[in-house]
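Everything on this sheet refers to the single structure shown next.
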Amino acid sequence: MVDRKPLIAGNWKMNFNHLEAISFVQKLAWTLRDAKHDGSTVEVAVFPPYTDIRSVQTIVQADSLDLEYGAQDLSVHDSGAFTGEISGAFIKTLDAKYVLIGHSERRQYHAETDEVVAEKITAALRNKLVPVVCVGETLEDLEQHGPSAVAASQLKVALGALKADDDFVIAYEPVWAIGTGKAASETDAQNVAKVLRETIKDALGAEAAEKTRVLYGGSVKANNIAAYMRQPDIDGALVGGASLVLDEFASIIQYQKHIGV
Ligand code: PEP
């Protein structure tokens, strides 16, 4: 059995300017150091706004911090006359590891379809960025189709852009749970994560399904992270609001202390 290293990822959305980003990352590192957190057992990544990434890079590299970072989106193009777009090649130049793709706010406010998401996955891989592909159902979808149907159908299209040996992460984020304080139950999140892993297996084979990390996202807090991390198919969390609150995010990262693993 493959050992999937848990990933706790903080999506800052459009919060923190570059000065606030430097201060937050420094304080997070000090907090985890003071708590004697063992960074080798859980990977931590933050997803700052584009304008912060260079500052985060500088502090991470200058202080050799055990922290990965990525962008919240990227263009399908690598360069050219695309005003306002950001190239995956530029993001990679900042030594970013990850890029979020298909977050529900991109799908909702920027009309990103499953096909655009697939194109962005291709752009990420072309630039050696690890895509963190977000899928999940709205409340309406949930009422009409149940919890896993829409997430699985979004994932199937995304998998068309991926090969078995690609490094990628899936984040199951029910839209109704994002920023609402109404998190999915750990049982429901596990059931969907299992369906998503089976969907990867059907498309790319057992080895890809076994090695790929599936995260849960949607109102994750320090007081519910342990319940998710106990589930066999949940390998971490994509955290929005709580990733902006220093003690809360530090506590989520140290979930092993509260579940005693
Ligand atoms: C998100 O935006 O990806 C998210 C999960 O937000 P929150 O944790 O605030 O629900």
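In listed order, ligands and their atoms are each counted from 1. All values derive from a computational prediction rather than experimental measurement. The chain is numbered in sequence order, starting from 1.
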Please list, in number order, the atoms of ligand 1 under 4.0 Å from a heavy atom of [X].
{"X": "G179", "value": "7 (P), 9 (O), 10 (O)"}
{"X": "G218", "value": "5 (C), 10 (O)"}
{"X": "A177", "value": "10 (O)"}
{"X": "G241", "value": "7 (P), 8 (O), 9 (O)"}

Any donor and acceptor pair, going by atom type alone, linking the side chain of [X] with main-chain N or O of [Y] inside 3.5 Å?
{"X": "K156", "Y": "A203", "answer": "no"}
{"X": "S219", "Y": "G181", "answer": "yes"}
{"X": "K5", "Y": "S40", "answer": "yes"}

I need the nearest protein heavy-atom contact for [atom]: residue, atom name and distance, please.
{"atom": "atom 1 (C) of ligand 1", "value": "H103 NE2, 3.3 Å"}
{"atom": "atom 6 (O) of ligand 1", "value": "G240 CA, 3.3 Å"}
{"atom": "atom 2 (O) of ligand 1", "value": "K13 NZ, 2.5 Å"}

Next on the checklist: Regarding ligand 1, does E173 bring an N or O atom to under 3.5 Å of one of the ligand's N or O atoms?
Outcome noted: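 The answer is yes, given that E173 and ligand 1 share an N or O pair closer than 3.5 Å.
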
Next on the checklist: If I apply the N/O under 3.5 Å rule, does I178 come out as touching ligand 1?
Outcome noted: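 No: no nitrogen or oxygen of I178 is under 3.5 Å from one in ligand 1.
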
Checklist entry - Are D78 and K92 ion-paired here, with the side-chain N under 4.0 Å from a carboxylate O? => result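 Looking at K92 together with D78, the answer is no, because their closest N to O distance does not fall below 4.0 Å.
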
Item to check | S219 heavy atom under 4.0 Å from ligand 1 | outcome: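 Within the 4.0 Å threshold, so yes.
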
Next on the checklist: So F16 and V46, do their side chains get closer than 4.5 Å, heavy atoms only?
Outcome noted: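 V46 does not reach F16 side chain to side chain.
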
Next on the checklist: Apply salt bridge (charged side-chain N to carboxylate O under 4.0 Å, His left out) to residues K97 and D167 and explain how you reach the verdict.
Outcome noted: CA-CA 11 Å; K97 177 172 178 183; D167 191 7; 5.5 Å; no

Checklist entry - Relative to each other, are the rings of Y98 and F47 parallel, tilted or perpendicular (30° and 60° limits)? => result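 Correct class here is tilted.
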
